[in-house]
Amino acid sequence: MSEDLDDIAEPEARPKPSLLSRRNLLVAGGGLAAAGVAGAVAWGTAGPKRPVTADGKRKIRLAWNANAICLAPALLAKEYGIYADNGLDVELVNFAGSTDQLLEAISTGKADAGVGMILRWIKPLEQGFDVKLIAGTHGGCLRVVGSRRHGITDDVKSLRGKTIGLAEISGSGRNALAVLLKANGLDPNRDVEWRAFPAPLLAAAAEKGEIQAFVDSDPLLYLLQKASKGDLVEVLSNLSAPWQDRFCCVLGASGHLLRDDRPAATALARSLVTAATLCSQDPHATARAFAPYAKASEEDLVAVLRMQTHDKHPVGRDLQHEVALYAQELRDVGVMKPNLVPDRFAAGIVDNVFA
C-alpha cells in the first residue's frame, strides 16, 4: 500500500496551460469562488498547523487515480494554479490500490485527502474509517454496454435473462447496476446473472457471447464502443434515472486534516469545485492537461468529458442528502446493513466545510 502511495505519476512532457485568464478561471467556480477563491484564504488567528512552504502555502497530499479521466479536475487545479490561489501546495499521489487501502491511507494520514467514486467508498465508510466526505466533484463515469449481436438494445428490459460481466463481483459496478435495475423494474438477483472477468477481458467475453453486457468506465469503454462499429450499445449509466441529477465521484478528507487545519480542507474542496466547473466549461483544457496520462486522443477525452456532468458538485446539506439517497438504495438491494438509517449514516460521514 505505501509503495503505491509513493508512486507519483509524472509524464515526461507536461503540457502548458492554455492562455485562459486565471481571473476568469477562478470566477468559474460560482458561489464558492465568490466566497473567497479569488483572494487569500482566511486561515484564522491560530496560525498554520500543517507543513507549509516558504511562501506560506499549506502542503496537502491528494490521492487520485491517474487512469481516471473523470478525476482530471484534480490535475487541472494544479496545472492552472487553482490550489496555489487557495493557499495550498498540493502533491498529487497516484493511488491504484483497493478502496479499503485508499481509505485506510487517508484515515491514517499517509494521504490528507482523496478523490474517488462514491459507490466504491460508501460501503467501506460504513466500517468507520476516519474520513469525511466534503464535496461531490461530478456525475457520470460508469456505464453498462451490451452487444447487439447477442440481443442487447438500449432498452433496459433487454438485459432480462442475460449475463452481465464485471471486474469485481461485489464492486461498485455491481452495486450501481443493482440499484438501477431495480429502479427500472428488474430484479438484480433473479432477472440477470453476474459473471466476473478480468477487466481487460470483458469486451472479448462479450464478443464471444460468454456475457451479453458488461460494466466499465471511460475512457476505456468509450474506446471499446467506438471500435465495435456499432455493436456495443449503452443500456444504462450512473446518469440514468433515478440518478440523472446525482454526483458520482467525491472528495474525502482525513479526520486529521479536518481537526488540525479545517481551513485547508475547505480550500481543497473549493479548489476541486472550481476546477470541475472549468472542466465543464472548457473540456478541451482538461483533455490537454490529462492527455499525457491517457491512452486516448484529446478528441476522445473531450467526448468523454462532455458525457459527464462536471457542473455537478454538491457540498454541505446537498451532499449529505444525495449520500443518504445512495445509502438507502444500496440498503434496499442488500449492499448496506439492513438496519442502516440513511439520514443518520450520511450525517456521520459528510462534513460541511463551508458552514
(message) If you apply the rule side chain to side chain contact (heavy atoms under 4.5 Å, CB included), what do you find for F345 with R331, and how did you get there?
(response) CA-CA 11 Å; F345 171 73; R331 180 199 64 188; over 6 Å; no
(message) Run Y83 and K57 through side chain to side chain contact (heavy atoms under 4.5 Å, CB included) and show every step you take.
(response) CA-CA 9 Å; Y83 295 130; K57 291 182 173 57; over 6 Å; no
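Rounding to the nearest 0.5 angstrom, the gap separating the CD1 atom in I69 from the SG atom in C279 is 7.0 Å. Once rounded to the nearest 0.5 Å, the distance linking CD1 of I106 with CG of L257 reads 10.5 Å.
Judged purely by distance below 3.5 Å, without hydrogens or angles, the side chains of D300 and S297 pair a donor atom with an acceptor atom. D89 and T53 share no donor-acceptor pair across their side chains, judged by distance under 3.5 Å alone.
Between R259 and D130 there is a salt bridge, since a side-chain N of the basic residue sits under 4.0 Å from a carboxylate O of the acidic one. A salt bridge links D351 with R262: the distance from a Lys NZ or Arg NE/NH1/NH2 to an Asp or Glu carboxylate oxygen falls below 4.0 Å.
K157 NZ: more than 12 foreign heavy atoms inside a 6.0 Å radius. The number of heavy atoms from other shown groups lying within 6.0 Å of CZ (R317) does not exceed 12.
Shown here are the salt bridge (charged side-chain N to carboxylate O under 4.0 Å, His left out) partners of R246, two or more places apart in sequence or in another chain: E329. Qualifying salt bridge (charged side-chain N to carboxylate O under 4.0 Å, His left out) partners for K162, counting only residues two or more places apart in sequence or in other chains: none. Taking the salt bridge (charged side-chain N to carboxylate O under 4.0 Å, His left out) definition, one finds that R148 meets it with nothing, sequence neighbours left out.
Below 30°, between 30° and 60°, or above 60°: for W64 and F290 the angle between ring planes is above 60°, a perpendicular geometry.
Under the 4.5 Å side-chain heavy-atom criterion for Ile, Leu, Val, Met, Phe, Trp and Tyr, L236 and L330 are members of the same hydrophobic cluster.
For the pair A265 and V353, the tightest heavy-atom approach, listed with the atom from each and the gap, is CB-CG1, 4.5 Å.
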